[in-house]
Amino acid sequence: MNHGFDTLAIHAGQDPEARTGAVIPPIYQTSTYAQDAVGAPRQGYEYSRSGNPTRDALQECLAALEGGPVGLAFASGLAAEDALLRTVCKPGDHVVIPDDAYGGTYRLFARVAERWGLAYTPAKVSDVDAVRAAIRPGVTRIVWLETPTNPLLGIADIAALAAVAHDAGALLVVDNTFASPYLQQPIAFGADVVVHSTTKYVGGHSDVVGGALVAADRTLGEELRYHQNAMGAVNGPFDAWLTLRGIKTLGVRMDRHCDNAERIAAYLDGHAKVAQVIYPGLPSHPGHEVAAKQMRRFGGMISFRAAGGEEHAVEICNRAKLFVLAESLGGVESLIEHPGRMTHASAAGSPLEVPGDLVRLSVGIETVDDLLADLEQALG
Ligand SMILES: Cc1ncc(COP(=O)(O)O)c(C=O)c1O
């Protein structure tokens, strides 16, 4: 379908159902399918781990939104990451990972994949030379990016790093969770695989956990599909349906997330109780120009460092009312958290440890003046 983003979000993979004309893809809550004869499943459907029409609708939509030939939906973002690693890597391989990343992703590399024989090196992904230096020629299989990174909102130059990875015979993987495909489409800049925690902006309503992979190349996409079935961490039909319902409004939601985040970043910038605001939309952000090149807008995530140090950061989180104190991000409601003690506790003592005075905001789509008033009282 050669349509604009919002048209694809509403229609890709979601034609009215053939039998009744149902405008919304039904939830095919079934584990198995009747076959017309031995070896003759109807339209290829034989068992729901291998294929389910509701999941197929979501997968087709995700592929269309990221601009790749194959999209795959998993039980969670980490399940998608695990399937990707075990599809393309083998014991003895090496991966370059961001030196700032979601704590659970770091834990997957450091506590699970390494034990299984996959080496990793953290590198600053906003520094192309640092990533190049971390590559072990002939051994590095993946250069793995988040951009913006979680939680320090570092910006990686996707096109430049695609060239670096490909020169070394490695794949470029981009975790696009923070931007969403509305703001950034990594495949257009040379990425080989896009990863999502669809739990976040893609689903958008904090009511479902899921993950996705979109491959730029059909052969790799089919290998991933084989492993999705062989390993089994698929997205269930009801979860796929909820995610699809969220996707339809992704573009309008993201624009409001960005509007609100821009206002809040401007308010925090220079506030006496704030030592530093980290938002890629601020010209003072070191990655601002690269972000402007590869992102439509700058997203709904803001991190800031509390002027009064770690205890102040914790107090701000505890005092917030409208900003709900919670992990996760990307839903319509605003969330606040202390990464060091919450989402990134698993990175404590590692090269990915985050500063103790850091507060992370997932700016929702509420009335922005109400959010500003809540922050004003929370800052103390
Ligand atoms: C950037 C990023 N990638 C991946 C994940 C993991 O996704 P999930 O929690 O759906 O397994 C998260 C979760 O917070 C995340 O923030």
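FYI, the numbering just counts along the sequence from 1. Whatever order the structure lists ligands and atoms in, that order sets their numbers, starting from 1.
Residue Phe178 places no N or O, backbone or side chain, under 3.5 Å from any N or O of ligand 1. Taking distance alone, with nitrogen or oxygen atoms compared against 3.5 Å, Leu78 approaches ligand 1 more closely than that limit. Looking at Ser197 next to ligand 1, an N or O pair under 3.5 Å apart turns up.
Under a 4.0 Å criterion applied to the non-hydrogen atoms of Asn150, ligand 1 contributes the atoms 16 (O). For ligand 1 and Thr199, the ligand atoms under 4.0 Å from any heavy atom of the residue are 10 (O). For ligand 1, the atoms lying closer than 4.0 Å to a non-hydrogen atom of Glu81 are 3 (N), 4 (C). The Gly210 neighbourhood of ligand 1 comprises atoms 10 (O), with distances under 4.0 Å to a heavy atom of that residue. Less than 4.0 angstrom separates some heavy atom of Lys200 from each of these atoms of ligand 1: 7 (O), 9 (O), 12 (C), 13 (C), 14 (O), 15 (C), 16 (O).
Looking only at protein heavy atoms, the nearest one to atom 2 (C) of ligand 1 is Asp175 OD2, 3.4 Å. Looking only at protein heavy atoms, the nearest one to atom 6 (C) of ligand 1 is Tyr102 CE2, 3.5 Å. Given atom 8 (P) of ligand 1, the protein heavy atom at minimum distance is Gly77 N, 3.4 Å.
Salt bridge annotation for Lys293-Asp157: present, with a cationic side-chain nitrogen under 4.0 angstrom from a carboxylate oxygen. Between Arg305 and Asp357 there is a salt bridge, with a side-chain nitrogen of the basic residue lying less than 4.0 Å from a carboxylate oxygen of the acidic one. A salt bridge links Arg86 with Asp82: at least one charged nitrogen is closer than 4.0 Å to a carboxylate oxygen.
Applying the side chain to side chain donor-acceptor pair (under 3.5 Å) test to pairs two or more places apart or on separate chains, those with a residue in residues 244-255 are Gln14-Lys248, Tyr182-Asp255, Thr249-Arg253, Asp255-Arg297.
Remark: aromatic rings of Trp144 and Tyr120 are distant, center separation not under 6.0 Å. In summary, the aromatic rings of His288 and Phe298 are positioned with their centroids under 6.0 Å apart.
No continuous path of ILVMFWY side-chain contacts below 4.5 Å connects Leu118 to Val96, so the two sit in separate hydrophobic clusters.
Just one residue in the list Thr30, Asp56, Asn52 forms a side chain to side chain donor-acceptor pair (under 3.5 Å) with Tyr45, and that residue is Asp56.
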